[in-house]
Amino acid sequence: MRLSQGHLKLLETCPRQFQYVYLEQLAAPIAADHVKQMIWGNRFHQLLQQRELDLPIAPLVATDPQLAQAFHTFTTTVPDIATPIRPQPGLRESEHERTIEVQGHSLIVIYDLLIADTEQARILDWKTYRRPLSQYRLQQDWQTRLYLWVLAETSTYAPEQLSMTYWFTQGEPEGRPEEPEGSGQEKAVSMEARGGLLADAQRPTPTSVTIAYSAAQHHATTQVLRQLLDRLSHWLDRYRAGEAFPQVAASQNRCHDCHFVTRCQREHTGHPIVLDLDAIAEVPF
Ligand code: SF4
């Protein structure tokens, strides 16, 4: 099975939820605010990729001055973007993809930007969360663990030569009024008239968190990953024989905000709410 960090995260959170979402394609509803954040985040990532490829940016931001302002702030603040260096010899590539086969599964990662020279390799990731995550939470996150682990396994770098840096920029401002009806030009004029650029003057400066890597962390991730994949293979065998994936223990108090609470007959643990994407971070595919 092809597995991304999103798969591992959900598998560890609740195997039954993994079954519903990835094996049975049961989509949970997403709040309208979060849909707008996702679209904004995707456009922001696309802009950065265009810039890496030296492709024109202007057409993509012509009708969205807030996005243009945020992009300008980001590209003049983040050193690796403001002053891009292409290592010689080395590698600098956006949307860099790697895959590795482990215990019958394909683990796949896509780095927003990978910069590698003879001394070190750095993974950079862009986040458009409203609130930056803590260093501890990022260290525990499957995105960090899997991204570094795969790079160590698929390169000649020692773990100590690897790092991952998250850059946070606030996404679409909260409470932004609905887009007006009309042409792109009319929308742009209307947004400027409402003080869109002024609002972005208060946009927080992008901040970063860097996670270093080590042989000990690599070993620990190897152990956890192998156990998780062993369990997944076992659960998949049982699933093909008609048995559902196990539910998370009710005592872990995870069901009250899960969309599948009724399907799981866990209503007594609370009320379902719509999925909070801030809580689960972005899933690249
Ligand atoms: S309701 Fe609980 S057991 Fe069921 S999928 Fe959600 S988290 Fe898992």
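Order of appearance sets the numbers: ligands from 1, and atoms from 1 within every ligand. The model shown is predicted, which means the values in this text are computed figures rather than measured ones.
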Q: Return yes when at least one N/O/S atom of Cys258 is nearer than 2.8 Å to atom 2 (Fe) of ligand 1, and no when none is.
A: no

**Q.** Which residue and heavy atom of the protein sit nearest atom 3 (S) of ligand 1, plus the separation
**A.** Gln247 CB, 3.5 Å

Q: Could you see which bit of Gln17 sits under 4.0 Å from ligand 1, with heavy atoms only: side chain, backbone, both or neither?
A: both

Q) About how many Å separate CZ of Phe71 and CZ of Arg43, when rounded to the nearest 0.5 Å? A) 12.0 Å

Q | Per atom 2 (Fe) of ligand 1, closest listed option by heavy atom (Cys255, Ala244, Cys264) | A | Cys255

Q.
Taking atom CD1 as the centre, does Ile85 end up with more than 12 heavy-atom neighbours from other residues, nucleotides or ligands that are less than 6.0 angstrom away?
A. no

Q. Which residue, Phe168, Phe74, Trp167, Trp126, forms the ring-ring contact (aromatic ring centres under 6.0 Å, His included) with Phe44?
A. Phe74

Q: Applying side-chain hydrogen bond (donor to acceptor under 3.5 Å, both in side chains), run through Glu101 and Ser106 and close with a yes or a no.
A: CA-CA 5 Å; Glu101 299 290 317; Ser106 295; 2.5 Å; yes

Q. Taking non-hydrogen atoms only, is Cys14 closer than 4.0 angstrom to ligand 1 via side chain, backbone, both or neither?
A. side chain

Q: Could you tell me whether Arg145 sits above the aromatic face of Trp142, with NZ or CZ closer than 6.0 angstrom to the six-membered ring centre and within 45 degrees of the axis?
A: yes

**Q.** Under 4.0 Å to a heavy atom of Val261 - the qualifying atoms of ligand 1, by number
**A.** 1 (S)

